[in-house]
Amino acid sequence: MGEITNVMEYQAIAKQKLPKMAYDYYASAAEDEWTLQENREAFSRILFRPRILIDVSRIDISTTVLGFKISMPIMVAPTAMQKMAHPEGEYATARAASAAGTIMTLSSWATSSVEEVASTGPGIRFFQLYVYKDRKVVEQLVRRAERAGFKAIALTVDTPRLGRREADIKNRFVLPPHLSLKNFEGLDLGKMDQAADSGLASYVAGQIDRTLSWKDVKWLQTITSLPILVKGVITAEDTRLAVENGAAGIIVSNHGARQLDYVPATISALEEVVKAARGQLPVFLDGGVRRGTDVFKALALGAAGIFVGRPVVFALAAAGEAGVSNVLKMLRDEFELTMALSGCTRLADITRNHVVTESDRLRVMPSRL
């Protein structure tokens, strides 16, 4: 495999190792994939204003999320069907996140159940939830996650229908026959049938509740005491509604660019959301993070932490648990280095003054006569 020096290098290895259908499922996005590219490129347009001659011999990157102490503001996003990437799947990811002292978010559509992931040992874990038409299934699932020791619900709100993912349509994507969506086994909801286009799109059309609305955030609060993070917010208007409806936090996310194409990159939407939240709840960022510098930029623009998705799955495919551990370590090391070179010794030192965005540059451009 040679010397891996950054998290992006795992993707090429994953492409070689995985069947085309599995790789395309993880790597592709909606329609023209403009937002997929923009999720990365928007980071590259944010520049640093580093401070110098500050003692950075000791740096503390630990933080607290929803009251839970973690080693760094870098957490694992929910990604579905990880056993397509590696036989250990979500088990390996859970162990790597726990060893790194950070949070893993388990997908509803995992190929390992909440109980199986809990059995891998201690760790702070969140559960990502899709709301099914059958609300009894949702109640059952939330209660199982609670019993298994999960600490929060990340409610995905941007998927009333599945985005048009053309690679999955071409491949007639379906979960391999030896795998199932383990959280739904025994409920006749764990199997994904072959379809004329994408088996996943057909599954979502049949199972996921399109009537999902803010009243359901309230309903969830009546069936669980777990804090509810609303995942999929990219506007000030929805931020204010999340605050009004008692969300415990917001995850700024465009679903890895897999839902609506031509929405802004999450890093571009972040500041609008942070300003609208007015410090009333924590705002996290999901999407496009590939470097420790990206983590710093997100925190400078007001994020309380970030979630990383695809790099975890590609590293899992390439090298199992060791790959996931290495991704988390590389991002951690790069982030700590960025802090040192910016003159920051703790997360509270990172401010808006440490970065310059495109809009900042436009504001200071001299007018032309």
Side-chain angles (χ1 to χ4, degrees), residues 14 17-28 76-95 104-120 125-150 153-156 159 161-163 165 167-169 171-209 255-256 258 309-310 312-314 316-317 320-321 324:
K17 290 185 83 164
L18 289 173
K20 185 179 188 306
M21 184 172 74
Y23 173 78
D24 285 354
Y25 170 73
Y26 294 133
S28 68
V76 177
T79 47
M81 311 174 209
Q82 291 182 16
K83 283 187 179 174
M84 282 200 312
H86 188 275
E88 290 273 277
E90 293 86 1
Y91 292 78
T93 303
R95 287 194 295 261
M104 176 212 184
T105 316
L106 182 71
S107 170
S108 273
W109 294 337
T111 37
S112 312
S113 68
V114 288
E115 294 84 4
E116 288 170 332
V117 169
S119 77
T120 62
R125 300 184 182 111
F126 293 173
F127 181 68
Q128 176 272 332
L129 181 69
Y130 287 111
V131 174
Y132 276 54
K133 290 174 182 172
D134 184 344
R135 295 306 174 90
K136 287 194 180 68
V137 168
V138 179
E139 281 189 55
Q140 218 178 359
L141 200 49
V142 167
R143 299 229 161 92
R144 280 171 55 198
E146 264 184 313
R147 278 199 303 273
F150 284 69
I153 300 291
L155 175 67
T156 294
T159 317
R161 295 174 60 173
L162 204 70
R165 305 170 191 177
D168 289 350
I169 294 168
N171 293 330
R172 304 276 190 271
F173 175 81
V174 72
L175 195 57
H178 67 287
L179 297 174
S180 68
L181 304 180
K182 285 294 269 221
N183 286 313
F184 303 102
E185 264 194 348
L187 298 168
D188 293 331
L189 298 175
K191 284 279 175 246
M192 200 179 296
D193 298 322
Q194 291 281 353
D197 50 10
S198 155
L200 181 61
S202 299
Y203 179 84
V204 169
Q207 303 297 347
I208 299 302
D209 194 344
H255 212 107
R258 293 157 78 79
R310 282 187 180 93
V312 166
V313 178
F314 293 139
L316 180 66
E321 185 180 336
V324 179

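Residues take their numbers from the sequence shown, with the count starting at 1.
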Give the minimum heavy-atom separation between Lys20 and Asp24, together with the two atoms involved. NZ-OD2, 2.6 Å
Which residues share a ring pair (Phe, Tyr, Trp, His ring centres under 6.0 Å) with Tyr91, sequence neighbours left out: none
At what distance, to the nearest 0.5 angstrom, does OG of Ser107 lie from OH of Tyr130? 6.0 Å
Go through the structure and list residues passing side-chain hydrogen bond (donor to acceptor under 3.5 Å, both in side chains) with Arg144, not counting sequence neighbours. Glu115
Taking all non-hydrogen atoms of both residues, which atom of Leu316 and which atom of Ala85 are closest, and how far apart? CD2-CB, 4.1 Å
Thr159 meets the side-chain hydrogen bond (donor to acceptor under 3.5 Å, both in side chains) criterion, sequence neighbours left out, with His255
Rounded to the nearest 0.5 Å, the CZ atom of Phe173 sits from the CG atom of Asp168 at a distance of 6.0 Å
What verdict does the side chain to side chain contact (heavy atoms under 4.5 Å, CB included) test give for Met104 and Val117, after you've listed the backbone C-alpha separation in whole Å, the side-chain angles of each residue and the deciding distance to 0.1 Å? CA-CA 10 Å; Met104 176 212 184; Val117 169; 4.3 Å; yes
Determine yes or no for a side-chain-to-main-chain donor-acceptor pair under 3.5 angstrom, with Ser28 supplying the side chain and Ala167 the backbone. no
Nearest heavy-atom contact between Leu141 and Asn183 is CD1-CB, 3.7 Å
Mind checking salt bridge (charged side-chain N to carboxylate O under 4.0 Å, His left out) for Arg161 and listing every partner two or more places apart, or none if nothing turns up? none
Are Asp134 and Gln207 packed together at the side-chain level, in the sense that at least one heavy-atom pair is separated by less than 4.5 angstrom? no
Within a strict 4.5 Å, meaning less than it, do heavy atoms of the Tyr132 and Asp209 side chains meet? no
Between Thr156 and Gln128, do the side chains contain a donor N or O and an acceptor N or O under 3.5 Å apart? yes
At their closest point, which heavy atom of Leu155 faces which heavy atom of Val131, and how far apart are they? CD1-CG2, 3.7 Å
Is there a donor-acceptor pair closer than 3.5 Å between any side-chain N or O of Arg258 and the backbone N or O of Arg165? no
Checking Met84, Gln82, Lys83, Glu88 against His86 for side chain to side chain contact (heavy atoms under 4.5 Å, CB included), the one that qualifies is Glu88
Could you label the plane-to-plane angle of the Phe150 and Phe127 rings as parallel, tilted or perpendicular, counting under 30° as parallel and over 60° as perpendicular? perpendicular
Report the residue from His178, Lys182, Glu90 that forms a side-chain hydrogen bond (donor to acceptor under 3.5 Å, both in side chains) with Thr111. Glu90
So do Leu179 and Met81 actually touch side chain to side chain, heavy atoms under 4.5 Å? no
Return the minimal non-hydrogen interatomic distance between Leu181 and Trp109, and the atom names on each side. CD2-O, 3.6 Å
Between Tyr26 and Phe314, what is the ring plane arrangement, given parallel below 30°, perpendicular above 60°, and tilted in between? perpendicular
For Thr105, the side-chain hydrogen bond (donor to acceptor under 3.5 Å, both in side chains) test, sequence neighbours excluded, returns none
Applying side-chain hydrogen bond (donor to acceptor under 3.5 Å, both in side chains), name anything that partners Glu146, two or more places apart in sequence or on another chain. Thr224, Ser225
Arg125 and Ala94: which non-hydrogen atoms are nearest, and at how many Å? NE-CB, 3.9 Å
